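There's a structure below that I have some questions on.
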Amino acid sequence: MDLQIKGKKAIMAGGSAGMGRATAERLAEAGVELYITARREERLVTAAQEIGEKYGASVTPIVADSSKEEGRQALFAACPDPDILSITIKPPPPNGDFLELTPEDWRASIETALIGPIEIMRHYIPGMKTRGWGRIVNIATFSAKNPMIWRLMSGPARSALMNYTAGVSREIAQYGVNINNLLPGMFQTEGAGELMEVYARAFDLEPKPEVVQEHFRANNKIPAGFVADADDLAPMAALLCSPLSRFIVGQNIVIDGGQHYSIF
Ligand SMILES: NC(=O)c1ccc[n+]([C@@H]2O[C@H](COP(=O)([O-])OP(=O)(O)OC[C@H]3O[C@@H](n4cnc5c(N)ncnc54)[C@H](OP(=O)(O)O)[C@@H]3O)[C@@H](O)[C@H]2O)c1
């Protein structure tokens, strides 16, 4: 399928690993001029080189923390006028006892998972409106819709992001600018691997990737029967970044193998 985005400028904020990188690859494959960000330089630069070589694409790496004003300004300077913007960001790790979460913990969660994406969108939306076209895709979490007591540092801030984008997307759709959110369930990514020790401690498991993965597969009742990998999300992200999604506005699409049981 031709995504019709050849030659467009695309930002994948959080594009050096996991679902962000997989999305960046689908966009590069479709012929965009790509800008990818991350906090850690070495992995970012390697990812940009690999993606560029694999797809013959122009890929610019920008070291930028999306949760910090300085990082956002670095992104804005490097790519002032994107047609496509996809954002993912890592919130603080899974929490323990909810009674022990402090205002500082909540501020850290909100700075990363809510204010970071909002500020990036707020900066780019006026230009997209003026140019008459734009696509924004947030890669958030299904715990925004399916609350989990141990994911309070991720879910509530993303529920607020869904609320914000529900309103803003209806306001800007008339200018050809769409915002949609993807809500991933259990994915085996680099980021999930980094949290393995935390999960192993929380669920009293042996700290081995296969043990932790099997625990999630078995205990979270994923109807599809497996923990996904990043390529299970990227094609949908790329579709939402394309003109083909022109009638999809303000949606929150769960990609979780059927784990969240509901009609909508
Ligand atoms: N994996 C899962 O099972 C799962 C489940 C539900 C929701 N999610 C959500 O899905 C999203 C993607 O997860 P993933 O597992 O693909 O993560 P991942 O493998 O850790 O990849 C995250 C990417 O974003 C970058 N990044 C993170 N925080 C950033 C920041 N503040 N500023 C700029 N770049 C940042 C990372 O690079 P640096 O670290 O170098 O910055 C990396 O390139 C996250 O929002 C996560 O909360 C994941």
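Predicted model, so just to flag it, every value in this text is computed and none were measured. Side chains are part of it too, since the values below use all heavy atoms of this structure and drop only hydrogens, waters and symmetry mates.
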Is atom CZ of R122 surrounded by more than 12 heavy atoms (other residues, nucleotides or ligands) closer than 6.0 Å?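 Check fails, neighbour count at 12 or below.
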
Hey, is the main chain of T102 close enough, under 3.5 Å, to the side chain of D105 for a donor-acceptor pair? yes

Between L44 and T46, is a side chain to side chain contact (heavy atoms under 4.5 Å, CB included) present by the stated rule, with each step listed? CA-CA 5 Å; L44 174 70; T46 304; over 6 Å; no

Examine the side chains of Q49 and E53 and answer whether a donor and an acceptor come within less than 3.5 Å of each other.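 Per modelled atom types, Q49 and E53 side chains form no pair under 3.5 Å.
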
Quick check, are the ring centers of H260 and F142 under 6.0 angstrom apart?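 No.
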
Exceeds 12 heavy-atom contacts within 6.0 angstrom, atom CG of D204: no

Could you check whether atom CZ of R246 has more than 12 heavy atoms from other residues, nucleotides or ligands sitting under 6.0 Å from it? no

Quick check against the 3.5 Å criterion: does N95 have a side-chain atom that pairs as donor or acceptor with the backbone of L152?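 Yes, N95 side chain to L152 backbone: donor-acceptor pair under 3.5 Å.
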
Please determine which of I5, L3, D83 meets the side chain to side chain contact (heavy atoms under 4.5 Å, CB included) test together with P243.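 Looking at I5, L3, D83, the match for P243 under the side chain to side chain contact (heavy atoms under 4.5 Å, CB included) is I5.
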
Donor-acceptor pair, distance only, cut-off 3.5 Å: does the side chain of Q259 make one with the backbone of G257?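 No: the side chain of Q259 does not pair with the backbone of G257.
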
Between N178 and S245 (side chain of the first, backbone of the second, donor and acceptor by atom type, cut-off under 3.5 Å), is there such a pair?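 Here the side-chain-to-backbone pair exists.
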
Just by modelled atom types, is the Q4 backbone N or O under 3.5 Å from a matching donor or acceptor in the S242 side chain?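 No: the side chain of S242 does not pair with the backbone of Q4.
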
Looking at E33 and K8, does any basic side-chain N land under 4.0 Å from a carboxylate oxygen? no

Roughly how far, to the nearest 0.5 Å, is CD of E190 from CZ of R43?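 Between R43 CZ and E190 CD, I get 5.5 Å after rounding to 0.5 Å.
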
Output yes when a side-chain donor or acceptor of N180 lies under 3.5 Å from a complementary backbone atom of G250, and no otherwise. yes

Give me the atom names and distance for the closest heavy-atom approach of P94 to Y199. CG-CE2, 3.7 Å

Lys/Arg N to Asp/Glu carboxylate O, K90 vs E194, below 4.0 Å: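 A salt bridge is present here (some side-chain N lies under 4.0 Å from a carboxylate O).
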
Looking at OG of S67 and CD1 of I115, how far apart are the two atoms once the value is rounded to the nearest 0.5 Å?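 Rounded to the nearest 0.5 Å, the OG-CD1 separation comes out at 9.5 Å.
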
Take a 6.0 Å sphere around CD of E42 and say whether it holds more than 12 heavy atoms from other residues, nucleotides or ligands. no

Please work out whether the ring planes of H123 and F76 are parallel, tilted or perpendicular, with thresholds of 30° and 60°. parallel

Could you verify whether a donor N or O on one side chain and an acceptor N or O on the other, from Y55 and R26, lie under 3.5 Å apart? yes

Take a 6.0 Å sphere around CD of E69 and say whether it holds more than 12 heavy atoms from other residues, nucleotides or ligands.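 Above 12, so yes.
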
Are the side chain of S169 and the backbone N or O of A166 linked by a donor-acceptor pair below 3.5 Å? yes

Can you measure from CD (E25) to CD1 (I51) and round to the nearest 0.5 angstrom? 5.0 Å

How many angstroms lie between CD in E197 and NZ in K208, if you round to the nearest 0.5 Å?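 NZ of K208 is found 12.5 Å from CD of E197.
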
Under 4.0 Å between a side-chain nitrogen and a carboxylate oxygen: does that hold for K68 and E70?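 No, this pair does not count.
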
Should we say atom CD of Q174 is surrounded by more than 12 heavy atoms from elsewhere, each under 6.0 Å from it?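 Result for CD/Q174: enclosed.
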
Mind checking the CD-CG spacing from Q188 to D229? Nearest 0.5 Å is all I need.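 Between Q188 CD and D229 CG, I get 9.0 Å after rounding to 0.5 Å.
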
Ignoring hydrogens and angles, state whether a donor on the side chain of S143 or R158 is under 3.5 Å from an acceptor on the partner side chain.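 There is no such pair (donor and acceptor under 3.5 Å, judged by atom type) between the side chains of S143 and R158.
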
Looking at M153, I'd like to know if its CE atom is crowded, meaning that more than 12 non-hydrogen atoms belonging to other residues, nucleotides or ligands lie closer than 6.0 Å. yes

Salt bridge present between R21 and E50 (N-O < 4.0 angstrom): yes

So, R135 side chain and G176 main chain: donor-acceptor pair closer than 3.5 Å or not? yes

Pair N219, F203 - check side chain to side chain contact (heavy atoms under 4.5 Å, CB included), show working. CA-CA 11 Å; N219 291 286; F203 298 106; over 6 Å; no

Atom NZ of K9 with >12 non-hydrogen neighbours under 6.0 angstrom: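 Yes, enclosed.
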
Test of understanding: clusters of I, L, V, M, F, W, Y form through side-chain heavy atoms closer than 4.5 Å, transitively. Do V249 and I172 belong to the same one? no

Donor-acceptor pair, side chain of T37 and main chain of G14, under 3.5 angstrom: yes

